[in-house]
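A, B, ... follow the sequence lines: proteins, then strands. Residue 1 opens every chain. Because the structure is predicted, anything quoted here is derived from the model rather than measured.
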Protein chains: 2
Amino acid sequence: MPPASDLTAHTGYWLRMVSNAVSQDFARKVADEGVTVAEWSFMRALYDADAMAPSALAEKMGMTKGAISKLADRLLGKGLITRADNPGDKRAHTLSLTGAGRSKVPILAALADKNDAEYFGILPTEEREMLHRLLRTLADRRGLKTIPVD
Amino acid sequence: MPPASDLTAHTGYWLRMVSNAVSQDFARKVADEGVTVAEWSFMRALYDADAMAPSALAEKMGMTKGAISKLADRLLGKGLITRADNPGDKRAHTLSLTGAGRSKVPILAALADKNDAEYFGILPTEEREMLHRLLRTLADRRGLKTIPVD
DNA sequence: TATTGTTATACTCTATAACTATA
DNA sequence: TATAGTTATAGAGTATAACAATA
């Protein structure tokens, strides 16, 4: 039998295992608030800007325009965002948080804080900061910048 | 506007960003060999055992029986595994790699090696080992053990 | 009755591309 | 023609549950 390297020899294997666990736990937390992780990222992006064009959100989140439209439809249905015409360019739209959506963001942000503390709080401060720094270094070197969604 | 903690303050944010990038690059590599990451994990698990029951694979991969059935159907269609009846228990089946499937595993394993080197090779050895160790610590403390699929 | 496995249904995310309206 | 956005379609993953066959 030809050698096939042990899966667990790969750093990527452990990275995915831990990342999936953290994300799945976070997904369960925000599901209790009625949103998905993608919807949370979407709302968080809108929170800092009064209004954004779908194309700007697509760029920021590394998603296609089609994916943004579908996500926006769901958030519209939940009453968390509004869609408005752009007076200057009749092709363009702008998306904004509703009052309900805006007041939900800090609640979701608190869940993100809690999730981070649960997972990484078990490490000594020094190691936790080391991990954070190493991950940021890898993201920087690779030029990663879009908000991770899944 | 109530405060909403900065996304980038969360270690989980960077973990997910780096993990997604590593996984997506790996997905592209194995796609050139005609398989998905889930299919690769499935084949890698079968490589160490001559034959496995779908239920055993479900347990090992943290997937439901239904998901395993669907995955097995696709791998059967690609001629990479076979499904056989179990003589001892007529309800049970066993899944095994075909010759084609078995010879593809080392090729895919080499792609995993390459992907890991591309992503983590930019770190000094000491930091790379530190990252690996921190991730394993987190996985251990959380009792994580199923093969990450997505 | 409980268990093994398959099948059905539904939802999320992703990607591509066709399409509408406007520039 | 090009651009902004929506809509359609399809594939992959996940979860729940209904189902058939066997124990």
Of A:Arg91 and B:Lys70, the one whose closest nucleotide on DNA chain D sits nearer the 5' end is A:Arg91

*Between A:Arg83 and A:Asp73, is the closest basic N to carboxylate O distance under 4.0 Å?*
yes

Closest to the 5' end of DNA chain C, once A:Gly88 and A:Thr36 are matched to their nearest nucleotides, is A:Thr36

Here the distance between atom P of D:dA4 and atom CG of A:Asp85, to the nearest Å, is 16 Å

Between CG of A:Asn20 and C1' of C:dC13 the distance, given in whole Å, is 14 Å

A:Arg28 atom CZ is separated from C:dT12 atom P, nearest whole Å, by 17 Å

Rounded to whole Å, CD1 of B:Ile68 lies from C1' of D:dA15 at a distance of 14 Å

A:Lys65 atom NZ is separated from D:dT7 atom P, nearest whole Å, by 13 Å

Ranking A:Gly66 and A:Met63 by the position along DNA chain C of their nearest nucleotide, the one closer to 5' is A:Met63

Of the listed D:dT7, C:dT4, D:dA12, the closest approach to the B:Arg74 side chain comes from D:dA12

Salt bridge present between B:Glu39 and B:Lys104 (N-O < 4.0 angstrom): no

**Asked** Reckon B:Asp89 touches a base, only the sugar-phosphate, or nothing at all at heavy-atom distances under 4.0 Å?
**Response** sugar-phosphate

Separation of C:dC13 atom P from A:Gln24 atom CD, nearest Å, is 13 Å

Exercise for review: Determine the contact category for B:Ser55: base if any of its heavy atoms lies under 4.0 Å from a base atom, sugar-phosphate if only primed atoms, P, OP1 or OP2 are that close, otherwise nothing.
Suggested key: sugar-phosphate

Testing D:dA4, C:dC13, C:dT7 for proximity to the side chain of A:Ala38, the answer is C:dC13

query = Which is true for A:Asp73 with a 4.0 Å heavy-atom rule: it touches a base, it touches only sugar-phosphate, or it touches nothing?
reply = sugar-phosphate

* Are B:Leu135 and B:Leu15 side-chain neighbours, meaning at least one heavy-atom pair lies under 4.5 Å? -> yes

B:Met61 atom CE is separated from D:dT14 atom C1', nearest whole Å, by 13 Å

note: A:His93, atom NE2; C:dT22, atom C1'; distance rounded to Å ~ 11 Å

Within the 4.0 Å heavy-atom criterion, would you say A:Lys90 contacts the bases, only the backbone, or no part of the nucleic acid? sugar-phosphate

Closest non-hydrogen atoms of A:Tyr119 and A:Ala21, given as atom of the first, atom of the second and distance, are OH-O, 3.4 Å

dist B:Arg102:CZ -> B:Ile81:CD1 (nearest 0.5 Å) comes out at 12.5 Å

